[in-house]
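All heavy atoms count here, side chains included; hydrogens, waters and symmetry mates do not. Worth saying up front: this structure is predicted, and the values here are computed from it rather than measured.
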Amino acid sequence: MNQIKNASIKLKGQLDQQEYKDIKSLKEYCGSKDKVTVKLELDYKWSKALDKSVDSNEINEFMFYDEGMLIGYIGICQFGGETLEVNGVVHPEFRRMGVFTRLFSLVKDEWYKRKSQDLLLLSDQNSLSGLEFIKSTGAHYENSEYEMFLKGEPTLGSALNKLILRRALNEDAKEIARQNNIYFQSDSEELEILPEEEAKRGVDIYIAEIDNEIIGKVQVSVDAGIGGIYGLGVLPEYRRKGYGRDILMKAIEKLKEKQVHEIMLQVSVENKHALELYKSCGFEETSTMDYYKLSKKQ
């Protein structure tokens with residue numbers, strides 16, 4: 001085990017190119033060493049950093065260096081709502097030295113400056129050190145998600161019908177927020193996601209339609225050659241008709257057009273119907289991410 005010799009902490013609103021590389025390298029090393037999934041959303045953050053129109057007054061990046069080497073990192077993400085998501089890593093040779101504790105105290109200071117009431121702490125279910133730290137904060141278990149990867153060619157089942165995926169426009173923002181509230185049972189007012197702005201960051205949001213009637217939505221993105229499918233939903237009045245499978249298949253087609261190496265998605269462990277759908281289409285569970293919540297009301 002190493003000793004910390006010349007520590008320095010860097011706080012940023014957005015990453016620069018060298019910081020992005022440092023964090024990505026640390027993430028990959030820790031993931032390989034610990035054999036766990038680390039969800040940092042780095043490519044999304046980097047695309048936002050390249051967009052000069054994005055406000056970066058808030059601190060989202062917390063970095064701990066020792067003699068110029070990044071040994072610890074925590075990042076804040078916010079997706080379409082007030083709740084903040086937090087995940088991070090510490091170099092295996094510098095653990096149990098207070099690195100993560102110090103960074104997390106700064107994260108909490110930043111959280112209390114914002115209006116967000118809730119903070120979600122993420123950890124791979126197999127990361128014993130991550131779960132141990134989260135539980136030490138007093139956070140309460142919220143939910144878990146399976147990360148699933150497509151193995152081989154997707155299983156179509158029935159032929160695709162006349163459903164189309166239309167690329168969402170900024171004018172669809174309220175509809176997207178409405179659907180998110182239905183699918184994810186948000187108890188806070190959704191921040192409006194502007195699809196055309198998200199597209200600049202590599203996140204493509206699609207509205208699912210049949211005969212010009214909106215029936216659902218989905219979003220896709222690419223990170224390090226891996227295609228991701230997120231936020232897939234079918235409106236209640238159109239469920240149990242095979243439309244979920246059709247949306248999924250068309251999302252896979254969109255990603256294959258981008259020449260991705262692999263395709264993955266995430267699904268709540270409690271969503272048994274969606275889980276069975278994804279399995280029937282050729283997706284297999286690879287890891288489980290646990291979410292714990294801290295609230296200012298606690």
Side-chain angles (χ1 to χ4, degrees), residues 1-2 4 7-12 14-50 60-77 79 85-97 99-104 107 120-134 145-151 201-203 220-230 255 258-266 283-291:
M1 183 177 290
N2 291 336
I4 297 174
S8 62
I9 291 177
K10 187 185 292 187
L11 309 179
K12 298 281 292 290
Q14 294 178 339
L15 302 172
D16 64 28
Q17 189 170 27
Q18 186 57 54
E19 292 159 354
Y20 166 80
K21 290 180 178 178
D22 289 346
I23 298 167
K24 187 173 184 179
S25 177
L26 179 60
K27 170 194 171 184
E28 291 174 351
Y29 180 77
C30 292
S32 174
K33 193 80 171 177
D34 299 334
K35 294 181 173 51
V36 297
T37 297
V38 182
K39 184 182 177 185
L40 299 182
E41 310 292 353
L42 286 180
D43 280 20
Y44 180 79
K45 289 187 167 207
W46 177 235
S47 63
K48 288 185 71 173
L50 294 175
N60 295 304
E61 316 300 337
F62 303 77
M63 294 160 277
F64 195 115
Y65 286 86
D66 182 48
E67 296 193 319
M69 183 178 82
L70 183 70
I71 63 171
Y73 167 76
I74 299 180
I76 293 176
C77 287
F79 301 104
E85 291 190 5
V86 171
N87 202 350
V89 288
V90 174
H91 193 288
E93 296 180 12
F94 292 91
R95 291 174 183 167
R96 300 193 180 279
M97 297 183 184
V99 173
F100 209 83
T101 300
R102 175 60 180 146
L103 289 179
F104 186 67
V107 169
L120 285 178
L121 309 180
L122 284 62
S123 177
D124 187 303
Q125 199 170 82
N126 290 326
S127 174
L128 299 181
S129 59
L131 292 175
E132 180 183 1
F133 177 84
I134 288 175
E145 285 184 341
Y146 291 130
E147 185 169 88
M148 307 180 76
F149 276 80
L150 181 63
K151 304 297 183 181
R201 301 169 195 138
V203 178
V220 301
S221 63
V222 180
D223 185 350
I226 298 176
I229 299 174
Y230 306 97
L255 287 171
K258 298 176 182 289
Q259 306 295 311
V260 298
H261 306 306
E262 293 185 282
I263 296 177
M264 60 81 66
L265 53 76
Q266 293 164 333
F283 284 85
E284 296 180 9
E285 302 159 25
T286 55
S287 64
T288 304
M289 189 70 66
D290 288 343
Y291 290 72

Is any side-chain heavy atom of Phe64 closer than 4.5 Å to one of Val90? no
Parallel under 30°, tilted from 30 to 60°, perpendicular over 60°: which one fits the rings of Phe100 and Phe133? perpendicular
Please examine the side chains of Met289 and Glu147, heavy atoms only from C-beta on, and report whether any two atoms are closer than 4.5 Å. no
Go through the steps for Val89 and Tyr29 under the test side-chain contact (heavy atoms from CB on, under 4.5 Å), then give the verdict. CA-CA 10 Å; Val89 288; Tyr29 180 77; over 6 Å; no
Look up atom CG in Leu121 and atom CG in Leu131, then write down how far apart they are to the nearest 0.5 Å. 10.5 Å
Return the minimal non-hydrogen interatomic distance between Phe62 and Leu103, and the atom names on each side. O-CD1, 3.9 Å
NZ of Lys35: more than 12 outside heavy atoms within 6.0 angstrom? no
Quick one: are Thr37 and Thr286 in side-chain contact, heavy atoms under 4.5 Å? no
Side chain to side chain, Trp46 and Gln17, heavy atoms closer than 4.5 Å: yes
Between Val86 and the options Asn60, Ile74, Leu122, Leu120, the side-chain contact (heavy atoms from CB on, under 4.5 Å) test singles out Ile74
Closest non-hydrogen atom pair between Glu61 and Gly75, with its separation: OE1-CA, 4.2 Å
Beyond-backbone contact of Lys27 with Tyr73, side-chain heavy atoms, under 4.5 angstrom: no
Using every non-hydrogen atom in the two residues, find where Asn126 and Asp124 come nearest and quote the distance to one decimal. N-OD1, 2.7 Å
What I'd like to find out is whether the side chain of Cys30 reaches to under 4.5 Å of the side chain of Arg95, using heavy atoms alone. yes
From CD (Glu262) to NZ (Lys151), nearest 0.5 Å: 6.5 Å
Value rounded to 0.5 Å, distance of CG in Leu15 from NZ in Lys21: 13.0 Å
So, taking the atom named CD1 in Ile4 and the one named CD in Glu93, what distance separates them when rounded to the nearest 0.5 Å? 12.0 Å
Answer yes or no: is there a side-chain heavy-atom contact under 4.5 Å between Glu284 and Tyr146? no
Which atom of Glu19 lies closest to which atom of Tyr65, heavy atoms considered: CG-OH, 4.0 Å
With a 4.0 Å cut-off on N to O distance, would you call Arg96 and Glu132 a salt bridge? yes
Between Leu265 and Ile229, the two heavy atoms sitting closest are CB-O, 3.4 Å
Less than 4.0 angstrom from a charged side-chain N to a carboxylate O is my criterion; do Asp22 and Lys10 meet it? no
Side-chain donor/acceptor of Lys45 to backbone N/O of Ile76, under 3.5 Å: yes
Looking at OG of Ser221 and CG of Asp43, how far apart are the two atoms once the value is rounded to the nearest 0.5 Å? 9.0 Å
Where is the tightest heavy-atom contact between Ile134 and Ser123, given as atom of each residue plus distance? CD1-CB, 3.6 Å
Between Asn87 and Lys39, is there a donor-acceptor pair closer than 3.5 Å when you use the side chain of the first and the backbone of the second? yes
Spacing of CG belonging to Leu26 relative to CG belonging to Leu70, to within rounding of 0.5 Å: 5.0 Å
